[in-house]
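Inspection log for the structure reproduced underneath, given as structure tokens.
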Amino acid sequence: MAANNSGSEPPIPEDDEGLGGVTHEEEAAEAKGKAPAASTTTMNRSGSRPQLDLSGAAIHGTLEDRNPTILLPNQSDDISHLALDIGGSLIKLVYFSRHADQPTEDKRKLSTKRRLEIFTGARRSYPVLGGRLHFVKFETGKLNECLDFISSKQLHRGGVDSPSWRSGAQPDNIVIKATGGGAFKYADLFKERLGVSLEKEDEMDCLVAGANFLLKAIRHEAFTHMDGQKEYVQIDQNDLFPYLLVNVGSGVSIIKVDGHGKFQRVSGTNVGGGTYWGLGRLMTECKSFDELLELSQRGDNSTIDMLVGDIYGGLDYSKIGLSASTIASSFGKTISDNKELSDYRPEDISLSLLRMISYNIGQISYLNALRYGLKRIFFGGFFIRGHAYTMDTISFAVHFWSKGEAKAMFLRHEGFLGALGAFMSYEKHGLDDLSAHHLVERFPMGAPYVGGKIHGPPLGDLNEKISWMEKFVQKGTQITAPVPMGAPATTGMGGFERPTSKGDILRSDASAALNVGVLHLVPSLDVFPLLEDPKTYEPNTIDLDHDEFKPSARSCGEGGCQ
Ligand SMILES: Nc1ncnc2c1ncn2[C@@H]1O[C@H](COP(=O)(O)OP(=O)(O)O)[C@@H](O)[C@H]1O
Ligand SMILES: CC(C)(COP(=O)(O)O)[C@@H](O)C(=O)NCCC(=O)O
């Protein structure tokens, strides 16, 4: 909402000591009495237009959090607060909020930071405010709840804490960036209900921008998930492109990404998240997506799927590498049984369906990776849902068909790529610059949000519910997801012998309709700001224990080494 900002610089509030923070490097430099490196906390600030300052971006939360907040410690402009991705199934919101409830520890840190700014003569005429990126989703069918949420928090006007809201100076024409089909379909409704215009951003542009941002700027964003094991992947920022991005939303888009803004949608399939949820709902009468997913965790697909052994009289078809327990035909067994739908267990139906769709997506993705010679495939979209079985099935398909050559990777902010891309499109940020920044991840002692059941006082109106929920969501029911046991030499995940391996956890959403998360960006200084080209600089480390660096007898006098 560029209209929100007049360009004038707000005065430094008396009580802003609690806002922002410093890194260990800053504190260490100060402790040594050295001038720290010049502060480079602001990126791409041009003119008086509000800018998004991504320096020091980091996740705030534990490694297990899904869609955690991103802390933006150095954000000082009154930036656009809200962007939307209105998809076929879900509406995704990304919004920025300033620090309002800074812990005392950070107050101490800001004093250090402000002293540093004085010390270095950094010309900062506005306070370092810092803030967070929040991630929220609603079902598209419940658009009114989403509009109520935006309205209750006044997100379309920059939030209830924004200077323009507090001063009562409301812009006439508020513009919110939005992507996804709903940006077209529901534009009139947004105008009618909130008085805002939706500025449409292309969905593919946004998916790519969101993925590039997360992969370049956020540590512990990407991970592999194989045989129930999750492993974070260290992304080499200088060697990210090209990669294949597969967004599994209602439908599936497959995009070859070659750089920032450089991509091609190379394929897609209409068998996606909407197919699982739609068919699953019809066949099991589940009332929510999570209910359907949970059912699958108690399922046994061998009652539904036709296995190689069913066809070969219990034998393997080893000549072409198929074990007896390999699925020969998803849902194939139901044709020979003289049974009705109601004779099958919903649990088994859900598992067969989930496996069929996940495996198919993995296989199609691999074929596209093969077509373009790509080895890395990142999967996003809310179908993934951080669900162990889904991720393992996709990973298995990619691994099996590529003979281990290609790798499936997943993203913690899986469903928010488009919304993040729309958020960043307010200003065209030079994302390449991110690689020059030192990114730090902080884990709080007690993570405020771990997802799951809500414990606390009775809920009042929606606004109260939301802010309360953001603060007090506690660890919820942990559901053990089954992990497929694949015979490595067969196509298709082996036989689904009843999975025994303890998989990851399906964390229930904060509510069936709403999922809230936050991601924080913590501050940092450039380590060597005078480097000609910080992007290409590879810091080396020296092992002081190495013989070469150990003091020799000759260099140590009797009084010991100096
Ligand atoms: N709470 C939920 N409600 C509905 N679908 C969900 C939910 N959580 C995950 N999903 C899955 O996510 C898919 C939508 O993913 P998303 O990336 O939001 O796509 P879209 O942009 O098409 O809405 C659904 O089709 C469904 O498979
Ligand atoms: C049309 C879409 C881009 C819309 O995105 P979505 O709301 O599903 O996230 C997507 O559903 C899609 O790519 N479908 C597959 C269409 C096809 O290539 O056959």
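Ligands are counted one by one from 1 in listed order, and the atoms in each one are counted from 1 as well. We use all heavy atoms of the structure for the numbers below, so side chains are in, but hydrogens, waters and symmetry mates are not. Computed from a predicted structure; not experimentally measured.
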Could you tell me which atoms of ligand 2, counted from 1 in the order shown, lie closer than 4.0 angstrom to a heavy atom of G88?
7 (O)
Hey, looking at atom 24 (C) of ligand 1, which of S89, G87, S288, G280 has the closest heavy atom?
S89
Among I384, T275, L90, which one puts a heavy atom closest to atom 3 (N) of ligand 1?
L90
Does some non-hydrogen atom of G415 fall short of 4.0 Å from ligand 1?
no
How close does the nearest protein non-hydrogen atom get to atom 19 (O) of ligand 2, and which residue and atom is it?
N270 N, 3.9 Å
Looking only at heavy atoms of E414, does any of them come nearer than 4.0 Å to an atom of ligand 1?
no
Under 4.0 Å from one or more heavy atoms of R265, ligand 2 contributes atoms 12 (C), 13 (O), 15 (C), 16 (C), 17 (C), 18 (O)
Is Y276 close enough to touch ligand 1? Criterion: a residue heavy atom under 4.0 Å from a ligand atom.
no
Within-4.5 Å side-chain heavy-atom neighbours: R385 and D290
yes
Out of all atoms in ligand 2, which are within 4.0 Å of some heavy atom of M204? Include the element for each.
3 (C)
Students often mix this up, so state it plainly: with edges at 30° and 60°, are the rings of F241 and Y243 parallel, tilted or perpendicular?
parallel
Answer yes if a protein heavy atom lies under 4.0 Å from atom 1 (C) of ligand 2, otherwise answer no.
no
Under a 3.5 Å cutoff, is there a donor and acceptor pairing between the side chains of S253 and R265?
yes
For ligand 1, which atoms have a heavy atom of G381 less than 4.0 angstrom away?
17 (O)
Nearest option to atom 18 (O) of ligand 1, as decided by whichever heavy atom of K92, R385, E139 sits closest
K92
Does the ring centre of Y95 sit less than 6.0 Å away from the ring centre of F423?
no
With atom 27 (O) of ligand 1 as the reference point, say which of G273, G88, G141 has the nearest heavy atom.
G273
Please report which non-hydrogen protein atom sits nearest to atom 4 (C) of ligand 2, along with the residue it belongs to and the distance in Å to one decimal place.
E203 OE2, 3.6 Å
